[in-house]
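The block underneath contains the structure these notes are about, expressed in C-alpha cells.
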Amino acid sequence: MTVRTRYAPSPTGVPHVGNIRTALFDYLLARHFGGQFIVRIEDTDRQRYVPESVAGIAESLRWLGLEWDEGLDKGGPYGPYVQSERLTAYRAAADRLLAQGDAYACWCSAQRLEEVRAEQARRKQPPRYDRRCRDAAGSAAARREAEAEGHSPVVRFKTPLEGTVSLDDAIHGPLTFDLSTIDDFVLLKSDGFPVYALAYIVDDEAMRITHVLRGDEWIPSAPRHVLVYRALGVEIPVIAHLPRILGPDGAKLSKRHGATSVFEYREQGYLPDALFNFLGLIGWSLDDKTDIISREQFIERFTLDRVVKSPAVFNVDKLTWMNGVYIREMPEARLVETFTEWLDRGLPSSVARPLDRALVGRIAPLVRERVKLLSEVTGYCDFFFMDAVSPSADDLLGNAFASKPADAKAALERATDALEAVGAWTHDEIEVALRALGAQSGMKAGDLFSLVRVAVTGRRVTPPLFESMEIVGRERCIGRLRAAAALL
RNA sequence: GGCGCCAUCGUCUAGAGGCCCAGGACGCCGCCCUUUCAAGGCGGAGAUCGCGGGUUCGAAUCCCGCUGGCGCUACCA
C-alpha cells in the first residue's frame, strides 16, 4: 500500500508557520515512503473564507519546496480537491447515516442552543446539546417552530449514550474516551455545508489517504471521528496528533510573539532551506547531535516514531543562526544571485540598474559570513554601489578622535597622500601603506583604520577594510577621504 | 465546571532500567584569532530529569498519586 498524506488547510488567512510545519511532516512522510502528498482546501466555513488565501497557501508551499502531487492547481485522479465542490458527497454520507439511524435532523434554532448552554453554564453543567430532537416528539415540536421561523435543520450524529471509544494514535499511543462526555455533534450545517468531522473523513476515504497528521488540539474531537468512521464503515487511517508550536511564553504562537506567517520570514530574509530545516526539528529529531539536515536526509530519515509528544516553543534565535549557516554554505553562484535580488530591492534608486553582477560576485565572499538575514545585505555593502557616502562627524571621530578632530583631519589628509602613492591598488598594498602611515605617525593602527573605514564606507561596521577599498577603487576612496576631511 | 494532552539546561532536543552525578544545538559568559563586525577555534556557567510515593540490586527511563502548563468544550477548523 502506498502512503498518501494530505495537507488540508482552511483558506482563512495567511499561511502560519505552525500550520506549515504540519504540511512539512505530511510531505516528509509521503516522500520517505515514496508515496503521494496531496493538498486539499477545506473551505466549508463560509464565514471565515478568504478567497485570496488559496493562492497564498500554494505560494508558501512552493517557496518552502513542499511540492505536492495532487490538489490545488494540479488536480489529480480524486478531485475536486476543494471541499465546497464536493457537497454532494457529504450530503450522500449524511443521508446514509440518517437512513441507518446513526444521525438525525435537528431543528433547534441557534438561539435555543445558546439558551440551553447558558442555562447549563448557570448550573455549572458541561455545555452540551440537550438532544431535544433525538426523539420523535422533541423533533416534531422543534420542527414546527423552525418552519414557523423559516430556518433549516442540521444533521447531528446520534452518539451512543454509554461506553467508550478508543483510537491508537501514532504518536500518543492508545487514547480512550468516555462516550458520556460526547454530545450529539453536528455533521451537516443548515447551509448544506459539512462540518470538519464529516467532510475530512469522506474526503480522506475518497482520496485514499492513509495517514492523517494534524495538531494535537484535535485530540479531544478524535473520538467523534472514530464514531463517524465506524458508522460510515470507513477504515481508520493512521492518525498522528503532532505537538503544537508555542510562543516564548508558552501560549499559542501568535502575532504578538513576532512573525507567524511564512511570508514574513521570507520578507525578513530567511532562506526556505533554513526554515525547512528549522521547522523539521520542531517536534522531530534525527539523533542526539545533528541539527543541520539536508532535504534529502530529512526524507531519508523521517518517520513518525521520532516525533515527540510535547509542545515546542518557536526559538527564533536558533532559526536565525541556522539561516546564517545556510547562507555560508550556499554555492557561490546562488549566493550571488540571491544577494543581487536583495540588493536590487534594498539599494536606493539612485544606484543604476541592472546591478553589476560581477561586482556582487566580488563582494559576496566578504559579506556572506557576516550576514544572518538576507535583509541585512544592503546595510553591509551599499557603499560599494554608491558614488559618495555621507558619514556623520561623530562616526568619523569615534572614541579615538572625539576630542581631537584636528588630528583626525590631519590623519585623513595624510592617508589620502599615502594612498595616492600606492602602486598597484590591491588590498595588500593598501594595507602596507596604511600600516606604514600608522607606524610613522604614532597612531594606533586600529584608530587610523576605523577613521578610514568610516570615511570610505560611511559606516562603522563593514566588511574587511582593505579588500573593500580595493573593490571601491582608488578614485572613489580618495574622493571619499577628501570629503570626510572637509567635514571635520 | 467537564473532558483531555503534556512535563529532561532559558529554548529545541538525545535518552526506550545500569553506557547518564544526563549528551548535542541555539542563546549567554570568557579567552584566542583580529583593522570594525562577523565567522572560526578553545573553554565555561546552565537540568536535584515538575513534586511525592512505590517496583527493582539499580529509574530520567516502569507503576500510582499530586502539581503545573496547555488544549477542547460552536451550525470554526
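Sequence lines set the chain letters: A, B, ... in the order given, protein chains first and strands last, and positions in each chain run from 1. Heavy atoms only: backbone and side chains are in, while hydrogens, waters and symmetry mates are out. Nothing here was measured: the structure is a model prediction, and the numbers come from that model.
- When ring centroids are compared, A:Y129 and A:F185 stay outside the 6.0 Å threshold.
- Comparing A:S285 and A:R460 by the nucleotide of RNA chain B that holds the closest heavy atom to each, the one mapping nearer the 5' end is A:S285.
- Between the side chain of A:R370 and the main chain of A:L366, a donor-acceptor pair closer than 3.5 Å is present.
- Toward the 5' end of RNA chain B, the nearer of the two residues A:T176 and A:E217, judged by each one's closest nucleotide, is A:T176.
- Taking atom P in both B:U35 and B:G44, one finds a spacing of 28 Å when rounded to whole Å.
- In this structure, A:R459 fails the cation-pi test against A:F383, since its NZ or CZ atom is not both closer than 6.0 Å to the six-membered ring centre and inside 45 degrees of the ring normal.
- Residues A:Y265 and A:F314 bring their aromatic ring centres within 6.0 Å.
- For the P atoms, the distance linking B:C70 with B:U8 amounts to 15 Å, nearest Å.
- Taking the P atoms as reference points, B:A39 lies 15 Å from B:A25, given to the whole Å.
- Within residues 427-452 of chain A, the residues that place at least one heavy atom under 4.0 Å from RNA chain B are, in residue-number order, A:R435, A:F449.
- With 3.5 Å as the limit, one finds a donor-acceptor pair spanning the side chains of A:S166 and A:T176.
- The residue A:F193 sits apart from the nucleic acid: no heavy atom pair falls under 4.0 Å.
- The partner of B:C51 is B:G65, by the rule that a Watson-Crick or G-U pair needs both atom distances under 3.5 Å.
- Spacing of P atoms, B:C75 relative to B:G2, comes out at 22 Å, to the nearest Å.
- Around the CD atom of A:Q111, the shell of radius 6.0 Å holds no more than 12 heavy atoms that belong to other residues, nucleotides or ligands.
- Within residues 10-23 of chain A, the residues having any heavy atom under 4.0 Å from RNA chain B are, by residue number, A:S10.
- B:U13 and B:U56 have their C1' atoms separated by 29 Å, with the value rounded to a whole Å.
- Nucleotides B:U48 and B:C5 are separated by 27 Å at their C1' atoms, to the nearest Å.
- For the pair A:N323 (side chain) and A:L271 (backbone), a donor-acceptor distance under 3.5 Å is present.
- As rounded to the nearest Å, B:G27 and B:G15 have C1' atoms that lie 23 Å from one another.
- Across all strands shown, A:P365 has no heavy atoms under 4.0 Å from either base or sugar-phosphate atoms.
- Contact footprint of chain A on RNA chain B: nucleotides with an atom under 4.0 Å from a non-hydrogen protein atom, first to last in 5' to 3' order, B:G1 to B:A77.
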